[in-house]
There are 2 protein chains.
Amino acid sequence: MAALSDAIERFIKDLLTDDTRVELKRNELAQYFGCANSQINYVLATRFSVDRGYLVESRRGGSGYVRVIRISASDVELLGSLLQRIGGEIGEENAKAIILRLYELHVVDVNEARLMQAAVSAEAISLPISSKDMIRASVLKSLVVQAFKNMREGK
Amino acid sequence: MAALSDAIERFIKDLLTDDTRVELKRNELAQYFGCANSQINYVLATRFSVDRGYLVESRRGGSGYVRVIRISASDVELLGSLLQRIGGEIGEENAKAIILRLYELHVVDVNEARLMQAAVSAEAISLPISSKDMIRASVLKSLVVQAFKNMREGK
DNA sequence: GGTATAATGGTCAAAAATAGTCAGACAGGA
DNA sequence: TCCTGTCTGACTATTTTTGACCATTATACC
């Protein structure tokens with residue numbers, strides 16, 4: 001029983017498998033899924049952000065539209081833009097979005113992505129502890145647990 | 001005398017006899033047993049801990065869930081010993097040794113091991129910086145660079 | 001050309017749907 | 001009695017969904 005948002009995300013991504021862009025009618029889509037129009041905006045905001053590798057353009061008024069564009073870039077550009085996006089500090093959500101992007105671009109596979117998420121999770125990086133080794137221990141514990149979860153899952 | 005917790009434990013374990021994982025709704029389960037929701041968390045914490053051979057994942061919000069995963073006895077042993085060895089803090093060399101062990105045991109493949117090493121490297125976990133997000137950014141940068149190295153390398 | 005109107009899409013805050021945490025009450029055994 | 005394991009309730013955190021209201025644009029009509 002995936003959430004509505006998940007279904008809408010899936011729907012849009014399916015439309016993006018061949019093409020690198022789709023054009024939608026917000027209201028039609030909302031009608032199709034039987035939800036509030038703003039639900040579409042929610043999905044676009046949470047699942048098709050720049051960090052996740054998408055651009056969204058739209059226009060209101062008569063024959064308006066919402067256009068979703070999958071961003072493609074060369075490896076060098078991608079790496080540069082990701083590092084820049086990370087910057088000097090980054091929150092957990094944005095970090096996850098970036099990892100997800102690496103996954104969708106096939107830079108990492110699903111297990112690698114999970115490991116990465118484990119490494120940057122709030123759980124792994126719990127502060128008030130002030131020694132480098134303590135942080136590392138925390139990170140590594142998360143990684144070990146995640147590695148086991150991966151193994152159970154199979155690729 | 002058969003405490004409520006025991007009944008809930010039994011119930012979940014029965015669901016796990018065939019499969020190695022179950023998905024639950026915390027509230028439904030609490031309703032079914034006519035208890036406080038937090039009772040479920042108590043059971044999960046006390047009877048389905050890592051050292052008892054279980055992993056628990058969950059998600060909040062609409063169509064949230066609690067997932068319980070059973071792992072094999074030998075894996076429990078291994079996981080337990082590794083976590084114990086990591087302890088409250090650990091140096092880089094020892095951390096690497098543990099990752100190497102995971103690799104030799106085929107828990108992770110070579111790329112995954114490299115990611116893990118990147119995550120716990122001295123470079124990734126540079127202190128004097130005192131915010132959680134700054135540490136995370138540092139870790140993630142290392143991970144991203146390593147992921148790209150992996151890709152160039154091929155498996 | 002200027003306006004009114006219809007057709008779109010956007011924003012934001014509140015509600016709903018979940019799950020987690022923690023301190024303390026309780027109960028039975030050492 | 002005191003300790004330990006159970007259990008609860010109040011409060012918190014997260015994610016999704018909805019609704020009321022706002023903004024923009026095309027077009028029909030004068």
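Side chains included, hydrogens not; waters and symmetry mates left out as well; all remaining heavy atoms used. Chain letters run A, B, ... following the sequence lines, proteins first, then strands; residues in each count from 1.
Applying the under-4.5 Å side-chain rule to Ile, Leu, Val, Met, Phe, Trp and Tyr, the cluster around A:V50 extends to A:L55, A:I69, A:I71.
In this view, B:Y42 satisfies the ring pair (Phe, Tyr, Trp, His ring centres under 6.0 Å) rule with no residue, not counting sequence neighbours. Looking at residues two or more places apart in sequence or on another chain, you find no ring pair (Phe, Tyr, Trp, His ring centres under 6.0 Å) involving A:Y103. Judged as a side-chain contact (heavy atoms from CB on, under 4.5 Å), and not counting sequence neighbours, the contacts of B:S49 are B:D51, B:R52. Residues meeting the salt bridge (charged side-chain N to carboxylate O under 4.0 Å, His left out) test with A:R47, sequence neighbours left out: A:D6, A:E9. Among residues two or more places apart in sequence or in another chain, the side chain to side chain donor-acceptor pair (under 3.5 Å) test is passed with A:S38 by none. With sequence neighbours left out, B:S74 forms a side chain to side chain donor-acceptor pair (under 3.5 Å) with B:S72. B:D14 is linked by a salt bridge (charged side-chain N to carboxylate O under 4.0 Å, His left out) to B:R10, counting only residues two or more places apart in sequence or in another chain.
Between B:D6 atom CG and D:dC7 atom C1' the separation is 13 Å, expressed in whole Å. Atom CG of B:N27 and atom P of D:dT8 are 14 Å apart (whole Å). The CG-P distance, from A:L4 to D:dT18, rounds to 6 Å in whole Å.
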* Take nucleotides 23-30 of chain D nucleotide by nucleotide from the 5' end and write B, S or -, depending on whether a protein heavy atom sits under 4.0 Å from the base, only from the sugar-phosphate, or from neither. => BBBS----
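Residues B:C35 and B:I40 share a closest heavy-atom pair of SG-CD1, 4.4 Å.
Chain B approaches DNA chain C within less than 4.0 angstrom (heavy atoms of the protein), and the contacting nucleotides run 5' to 3' from C:dA17 to C:dC22.
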Solution key, residues 59-67 of chain A side-chain donor-acceptor pairs under 3.5 Å, sequence neighbours excluded:
unit_1: A:Y65; atom_1: OH; unit_2: A:R67; atom_2: NH2; d: 3.3
unit_1: A:R67; atom_1: NE; unit_2: A:E57; atom_2: OE1; d: 3.0
unit_1: A:R67; atom_1: NH1; unit_2: A:E23; atom_2: OE2; d: 2.8
unit_1: A:R67; atom_1: NH2; unit_2: A:E57; atom_2: OE1; d: 3.1

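Using a 4.0 Å cut-off on heavy atoms, the residues of residues 29-49 of chain B that approach DNA chain C are B:S38, B:N41, listed by number.
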